[in-house]
Enquirer: 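The structure is given below, and queries will be raised subsequently.
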2 protein chains.
Amino acid sequence: MKQKRQNAILKIIEEMCIRTQDELSDQLQRRGFDVTQATVSRDIKELCLLKKQTAGGSRYTAPEKEGFRESVGKVHSIFQSAVKTVDYAMHTIVIRTLAGMADAAAITLESMEWPEILGTIAGDDTVLVILRDAETAKMIADRLSGMLK
Amino acid sequence: MKQKRQNAILKIIEEMCIRTQDELSDQLQRRGFDVTQATVSRDIKELCLLKKQTAGGSRYTAPEKEGFRESVGKVHSIFQSAVKTVDYAMHTIVIRTLAGMADAAAITLESMEWPEILGTIAGDDTVLVILRDAETAKMIADRLSGMLK
DNA sequence: AAAATTTTTTCATATTTATTCCTCCTTTTG
DNA sequence: CAAAAGGAGGAATAAATATGAAAAAATTTT
């Protein structure tokens, strides 16, 4: 059902201007999908929909770059399964991974394209991440830790 | 000041992951721009920034398509200055414009790419807009009327 | 340079969106 | 099969964003 509903969402936002999640859940109701705004919010996140400005209001649209949608979830889960701990010192972050997974973890990090990350160095089970300064290191370390749950 | 600030915003969101408007106004504060979230909200709207999903949260980014930002406001104002009244009947909308401006109004309509609009026909001071059905006509007419204020 | 007009901003909210916590299913496993 | 485990979704609510109205600042006019 979820799959079907998300397809319906993609179809709907292509055919009409959807400006709020309530509007979208209304439209879904009409098509027999009985969902609340909460579910729509989750769907929108999973589909990576964008809310774009247009003359006379904003509107949800699909991301132009194909394949983008799929990758976001995967990056997250590769990172989760490879990483054991995240710690930081000075302007660097040290990530410990399962044996042999450091490279994979580093690659997913790079793919996120976080501008705060100057670079990464991967050994066998350790990734060193270089940030601009200590403050940024703490912030990003927290964010990475957050991704583990 | 506004101009400068908006440039600063573009620079900031390129250099670091900005996830909320509060975060952005904090960063602006640090750079000497003393603004509240309300102002940031309006700036984001004017700059047509997007909030993108990324692994581990979402983030504001600049639109990829250059020139897109500038056009949104202009479309709006051309429409405003050309159009006198918006009315509807059945599944069509009738827009009355200043003499000779119907074509311009129709072109701005088309440029909005609203999927509900099947097509437009422009005379000298009248544009006929064809929608899918009466209900849609009412809705879009309301939205167009809203653009006049 | 004072007055008038327009633009920008803030404050206070309204609106919209995300999340937490719980329930109900479905699937897996012992 | 029963219990455990995981996903999906809703209700309530927290968090984030947008907006109306008034004030302040900037600009133009007289």
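A note on names: the letters A, B, ... follow the listed sequences, proteins ahead of strands, and every chain is numbered from 1. Being a predicted model, the structure only gives us computed values, none of them experimental.
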Enquirer: Write down the distance between NZ (A/K52) and C1' (D/dT17), rounded to a whole number of angstrom.
Expert: 20 Å
Enquirer: Just checking B/T20: base, sugar-phosphate only, or nothing, at a heavy-atom cut-off of under 4.0 Å?
Expert: sugar-phosphate
Enquirer: Expressed in angstrom and rounded to an integer, what is the separation of A/Q53 atom CD from D/dA18 atom P?
Expert: 7 Å
Enquirer: What is the distance, rounded to the nearest whole Å, between atom CZ of A/R42 and atom C1' of D/dA8?
Expert: 8 Å
Enquirer: Consider side chain to side chain contact (heavy atoms under 4.5 Å, CB included). Of B/V129, B/I130, B/I93, which one does B/I117 pass it with?
Expert: B/V129
Enquirer: Can a salt bridge be assigned to the pair A/E135 and B/R30 using a cut-off of 4.0 Å between side-chain N and carboxylate O?
Expert: yes
Enquirer: Are B/I12 and B/L10 linked, directly or through other ILVMFWY residues, by side chains that come within less than 4.5 angstrom of each other?
Expert: yes
Enquirer: Using a 4.0 Å heavy-atom cut-off, does A/D34 contact any base of the nucleic acid, only the sugar-phosphate backbone, or nothing at all?
Expert: sugar-phosphate
Enquirer: Provide the closest heavy-atom pair for A/I18 versus A/E23 in the form atom of the first, atom of the second, distance.
Expert: CA-OE1, 3.7 Å
Enquirer: Heavy atoms from C-beta onward define the side chain here; which of D/dT17, C/dA18, C/dT10 lies closest to that of A/S41?
Expert: C/dA18
Enquirer: Give A/V40 one of three labels, base, sugar-phosphate or nothing, depending on what nucleic acid heavy atoms sit under 4.0 Å from its own.
Expert: nothing
Enquirer: Write down the atom of A/V35, the atom of A/Q29, and the distance for their closest heavy-atom approach.
Expert: O-NE2, 3.0 Å
Enquirer: Does OP1 or OP2 of D/dT17 have a side-chain N or O of B/Y60 closer than 4.0 Å?
Expert: yes
Enquirer: Does A/A38 or B/T36 map to a spot on DNA chain C nearer the 5' end, using the closest nucleotide for each?
Expert: B/T36
Enquirer: Expressed in angstrom and rounded to an integer, what is the separation of B/K2 atom NZ from C/dT10 atom C1'?
Expert: 15 Å
Enquirer: Taking OP1 and OP2 of C/dT9, is either one under 4.0 Å from a side-chain nitrogen or oxygen of B/R5?
Expert: yes
Enquirer: Please classify the nucleic acid contact of A/T39 as base, sugar-phosphate, or nothing, using heavy-atom distances under 4.0 Å.
Expert: sugar-phosphate
Enquirer: Could you check whether the side chain of B/Q37 and the base of D/dA16 have a donor-acceptor pair of N or O atoms closer than 3.5 Å, going by distance alone?
Expert: no
Enquirer: Starting from P on D/dG9, measure out to CG on A/L24 and report it in whole angstrom.
Expert: 14 Å
Enquirer: Contact class for B/F33 (heavy atom, under 4.0 Å): base, sugar-phosphate, or nothing?
Expert: nothing
Enquirer: In whole Å, I'd like the distance from the NZ atom of B/K51 to the C1' atom of D/dT17.
Expert: 8 Å
Enquirer: Rounded to the nearest Å, what distance is computed from the CD1 atom of residue B/I9 to the P atom of nucleotide C/dT8?
Expert: 14 Å
Enquirer: Quick one: is B/K45 getting a side-chain N or O under 4.0 Å of the D/dT19 phosphate, OP1 or OP2?
Expert: yes
Enquirer: Which of the following nucleotides, C/dT10, D/dT17, C/dT19, is nearest to the side chain of B/Q21?
Expert: D/dT17
Enquirer: Grab the CD1-P distance between A/I44 and C/dT16 for me, whole Å please.
Expert: 13 Å
